[in-house]
Amino acid sequence: MKTTLRRTAALSAVSFVGVAMLAACGDDNDGGGSGGGSADIVSACSLDSPPTSEASAPPAGDTSAKASGKVGVILPDTTSSTRYELYDKPLLTKALTDAGIDADVQNAQGDKNKFASIAQNMIGQGVDVLIIDSIDAASGAGVEQQAAEAGVDVIDYDRVNLGGNAPYYVSFDNEDVGKLQAQTMIDCLEAQNIDKPKIIMMNGGTDVDNNAVLFQKGAHEVLDPLADSGDIDIVAEQTVKGWDVENAAPAFEQALTSAGGDVQGVVAANDDIANAVNGVLKNRGLDGHVVITGQDASVEGLQNVITGNQSMTIFKDVTLEATAAAQLAIALISGTDPADAGMTLAPFDDPEAPDHDLKALLLPAQVITQANVQDVIDAGALTADDLCSGIEDDCSKLGIQ
């Protein structure tokens, strides 16, 4: 994955070719000057050749496989992301029931005690496999221990429980997601010839979620070399603890104040944080003039991309993730080796439990800018009506249908 932002005056011919491959991001401007000044920037970004995932292609498993058994699924909450009720629950339910599995899909509503209680009940009711997306690693590991004692296989879903003992993990390549966010922000700034931009990083719940740790790590892998070379300036970094979006605006307000109100790019870990960032910028008259990343391809996030108030989002096609987790559960119930079911799993290091024999199936994510919002619709994740209500003119300009 490239990290190519350079001082505008020193761009090589090769770099100019790379910039020429990008569609214009907003109005023409000269950028100019250290940081370019937020007034010189537009948030709207349309990349014809956005960064692409380094993760493997999704598994070519047998989606027609059948099995007889019971699978319990526990989702974490409805607040850290809208995806769980909107996508994961119906997709997992359908994939499992279509295979003849008795599926019990529940949401812990952010309550660790409720999460543990649901798991205990499911184990007591004789589930063959548990698919869990934990609220935090410690409580998830506790559930995994109970399941192991009862002879129940556990699949960590979306979030891995470091220090646990689940043998399987299905998710997107989350370190790669952080790289995609950071690189797309750099590309959107580079396409506008912004010199030495000032960057604020708004991390997600690194205190509770290893995915957030990986997003942050991936972003730093792209940004740190540029900061070391003086091509960008990371002026502040904040964490939205617990993924609690109510904390996002105050955290960004503090970061922006510490930066003297001067920022050209924000790495926001997800769309909810990006929306909170945009609200603070609006209060300062800077909305639409800072490149902002996001993640989850939520309705609100995509609408912000369409209207030019957010530069990009990450589309993690939950259909791929839910299907992969269901296929793995079906293979385990039927006694089939996952490799024989068309799934390629690789070892996943658990730094908190070096002896943890954990195998992971990591899926590719996709960058979405104004140029390819239609891809989310074409994938069946949302409809044009979902996205374009109230912003029909903006959708029409982008050819969204």
Side-chain angles (χ1 to χ4, degrees), residues 70-93 96 102-150 152-166 168-172 174 203-215 239-251 269-273 275-276 295-296 298 300 316 318 321-322 325-326 329 352:
K70 191 169 187 177
V71 173
V73 180
I74 314 176
L75 301 173
D77 56 54
T78 56
T79 55
S80 66
S81 175
T82 58
R83 58 169 281 187
Y84 297 116
E85 293 299 301
L86 192 61
Y87 302 125
D88 296 88
K89 183 175 181 177
L91 287 168
L92 284 163
T93 301
L96 291 166
D102 181 5
D104 183 6
V105 183
Q106 298 189 46
N107 194 304
Q109 301 296 333
D111 184 333
K112 287 182 280 188
N113 291 329
K114 184 175 181 179
F115 192 99
S117 176
I118 293 171
Q120 189 173 26
N121 288 337
M122 287 180 172
I123 292 169
Q125 291 167 8
V127 295
D128 299 289
V129 176
L130 269 180
I131 299 173
I132 62 172
D133 191 344
S134 301
I135 297 168
D136 64 15
S139 59
V143 166
E144 291 173 3
Q145 184 60 40
Q146 292 180 42
E149 291 170 357
V152 176
D153 283 322
V154 177
I155 301 170
D156 280 349
Y157 179 73
D158 198 61
R159 298 172 179 173
V160 66
N161 292 311
L162 298 181
N165 60 7
Y168 302 105
Y169 173 42
V170 174
S171 187
F172 289 87
N174 293 303
N203 302 314
T206 56
D207 55 322
V208 297
D209 181 6
N210 189 63
N211 284 3
V213 174
L214 294 174
F215 302 150
T239 295
V240 181
K241 292 185 177 181
W243 284 107
D244 187 349
V245 72
E246 291 183 0
N247 297 329
N270 71 2
D271 290 342
D272 288 340
I273 294 174
N275 194 57
Q295 180 180 185
D296 289 334
S298 66
E300 185 174 55
K316 296 187 290 189
V318 181
E321 190 176 23
E352 295 189 13

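- With sequence neighbours excluded, the residues satisfying side chain to side chain contact (heavy atoms under 4.5 Å, CB included) with T239 are N203, T206, K241.
- Closest approach of D158 to Y169, counting heavy atoms only: O-OH, 3.3 Å.
- At least one side-chain heavy atom of Q295 sits less than 4.5 Å from a side-chain heavy atom of F215.
- Scored by the side chain to side chain contact (heavy atoms under 4.5 Å, CB included) test, A148 finds N165 as partners (sequence neighbours excluded).
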Quiz: residues 125-136 side-chain donor-acceptor pairs under 3.5 angstrom, not counting sequence neighbours:
unit_1	atom_1	unit_2	atom_2	d
D128	OD2	K70	N	2.8
D133	OD2	Y84	OH	3.3
S134	OG	N161	OD1	3.2
S134	OG	N161	ND2	3.1
D136	OD1	S139	N	2.9
D136	OD1	S139	OG	2.5
D136	OD2	K112	NZ	3.2

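- Nearest heavy-atom pair across D156 and A166 is OD1-CB, 3.7 Å.
- Applying the salt bridge (Lys or Arg N to Asp or Glu O under 4.0 Å) criterion to D272, with sequence neighbours excluded, gives no partner residue.
- Residues that satisfy the salt bridge (Lys or Arg N to Asp or Glu O under 4.0 Å) test with D88, not counting sequence neighbours, are R83.
- Of the options L75, D77, T78, a side chain to side chain contact (heavy atoms under 4.5 Å, CB included) to Q109 is made by T78 and by none of the others.
- A search for side-chain hydrogen bond (donor to acceptor under 3.5 Å, both in side chains) contacts involving Q120 returns nothing, not counting sequence neighbours.
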Please output the side-chain donor-acceptor pairs of residues 244-251 that fall under 3.5 Å, not counting sequence neighbours, one pair per line with the distance.
unit_1	atom_1	unit_2	atom_2	d
D244	OD1	E246	N	3.1

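- Listed here is the closest heavy atom pair of I118 and A108: CD1-CA, 4.1 Å.
- Scanning for side chain to side chain contact (heavy atoms under 4.5 Å, CB included) contacts around N275 gives E300, N304, with sequence neighbours left out.
- You'll find the side chain of K316 stays beyond 4.5 Å of the side chain of S171, heavy atoms only.
- With sequence neighbours excluded, no residue forms a side-chain hydrogen bond (donor to acceptor under 3.5 Å, both in side chains) with D153.
- Annotation: ring pair (Phe, Tyr, Trp, His ring centres under 6.0 Å) contacts of F115 (sequence neighbours excluded): none.
- Of all heavy-atom pairs spanning A119 and V143, the tightest one is CB-CG1, 3.5 Å.
- Remark: the Q106 side chain and the K114 side chain contain no N/O donor-acceptor pair separated by less than 3.5 Å.
- Qualifying side-chain hydrogen bond (donor to acceptor under 3.5 Å, both in side chains) partners for S298, counting only residues two or more places apart in sequence or in other chains: D271.
- Contact check for D209 versus W243: side-chain heavy atoms found under the 4.5 Å cut-off.
- Considering every non-hydrogen atom in both A329 and V71, the closest pair reads CB-CG2, 4.2 Å.
- Legend: residues meeting side chain to side chain contact (heavy atoms under 4.5 Å, CB included) with S117, ordered by chain and number and at least two apart, are N121.
- The minimum heavy-atom distance between Y157 and V318, with the atom names listed, is OH-CG1, 3.9 Å.
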